[in-house]
Amino acid sequence: MTKKPRQFSEQWWWPLYLFFIELLVGASLFVFYTLIAVGLNLFIKFLDVQGINPIILNGLSGLEYLIFAINISLFLSYIIRSIFNAYRQLWREKS
């Protein structure tokens, strides 16, 4: 009998490859949203020079920190979930 060639999704390295792709996507989204927070920070500094009311500046600063905190928490949860999925797929491959 001839042995059927294994598909890419059946290879041992496939879960690691998918994890790497998910890591790149997650890091790209993290950088994108971090740049939004940095842009907001630069906008706040510009408004401060223009003499805008400090209450508005404090509210925008709070929004900046909120965006950054949510960004970090979502990135970490995404990476942890991706690690768990890759580990589970590798374990299934060995079984």
Side-chain angles (χ1 to χ4, degrees):
M1 279 195 203
T2 47
K3 190 174 182 183
K4 183 176 131 180
R6 295 177 78 180
Q7 299 294 324
F8 279 131
S9 61
E10 296 175 357
Q11 298 291 330
W12 67 269
W13 50 265
W14 188 252
L16 297 175
Y17 173 76
L18 291 178
F19 171 71
F20 180 71
I21 296 299
E22 289 178 358
L23 183 67
L24 285 177
V25 170
S28 299
L29 289 172
F30 178 76
V31 167
F32 176 74
Y33 288 113
T34 300
L35 289 176
I36 290 175
V38 169
L40 184 57
N41 183 297
L42 294 174
F43 182 64
I44 291 169
K45 289 181 180 180
F46 171 75
L47 291 178
D48 188 29
V49 171
Q50 300 300 320
I52 301 297
N53 191 343
I55 293 175
I56 295 173
L57 296 176
N58 289 339
L60 289 173
S61 293
L63 178 64
E64 171 195 354
Y65 292 128
L66 181 66
I67 289 172
F68 191 67
I70 290 172
N71 189 21
I72 288 175
S73 63
L74 288 176
F75 178 68
L76 290 177
S77 66
Y78 181 75
I79 294 303
I80 290 170
R81 185 181 59 88
S82 296
I83 290 170
F84 178 72
N85 286 340
Y87 176 76
R88 189 176 50 172
Q89 288 177 358
L90 279 172
W91 184 258
R92 185 180 60 199
E93 292 289 327
K94 291 183 178 182
S95 301

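Please read these numbers as outputs of a predicted model, since none were measured by experiment.
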Any chain of hydrophobic side-chain contacts (each under 4.5 Å) joining V25 to I79? yes
Parallel, tilted or perpendicular: which fits the ring planes of Y17 and W13, with parallel below 30° and perpendicular above 60°? perpendicular
Can you list, pair by pair, the side-chain donor-acceptor contacts under 3.5 Å of residues 54-70, counting residues two or more places apart and other chains?
unit_1 : atom_1 : unit_2 : atom_2 : d
N58    : ND2    : P54    : O      : 3.4
S61    : OG     : L57    : O      : 3.0
E64    : OE2    : N41    : ND2    : 2.9

Grouping I, L, V, M, F, W and Y whenever their side-chain heavy atoms are under 4.5 Å apart, do L18 and L16 come out in a common cluster? yes
Establish whether V38 and I36 are linked, either directly or via other cluster members, by ILVMFWY side-chain heavy-atom contacts under 4.5 Å. no
Do any pairs count as a ring-ring contact (aromatic ring centres under 6.0 Å, His included) and have a residue in residues 29-49, sequence neighbours left out, and if so which ones? F30-F75
If every non-hydrogen atom of A86 is compared with every non-hydrogen atom of F19, which pair is closest and at what distance? CB-CB, 3.9 Å
Indicate if I72 and L23 have the same hydrophobic cluster label, given that clusters are the connected sets of ILVMFWY residues with side-chain heavy-atom separations under 4.5 angstrom. yes
Under 4.5 Å between side-chain heavy atoms, counting indirect links through other Ile/Leu/Val/Met/Phe/Trp/Tyr residues: same cluster for V31 and I21 or not? no
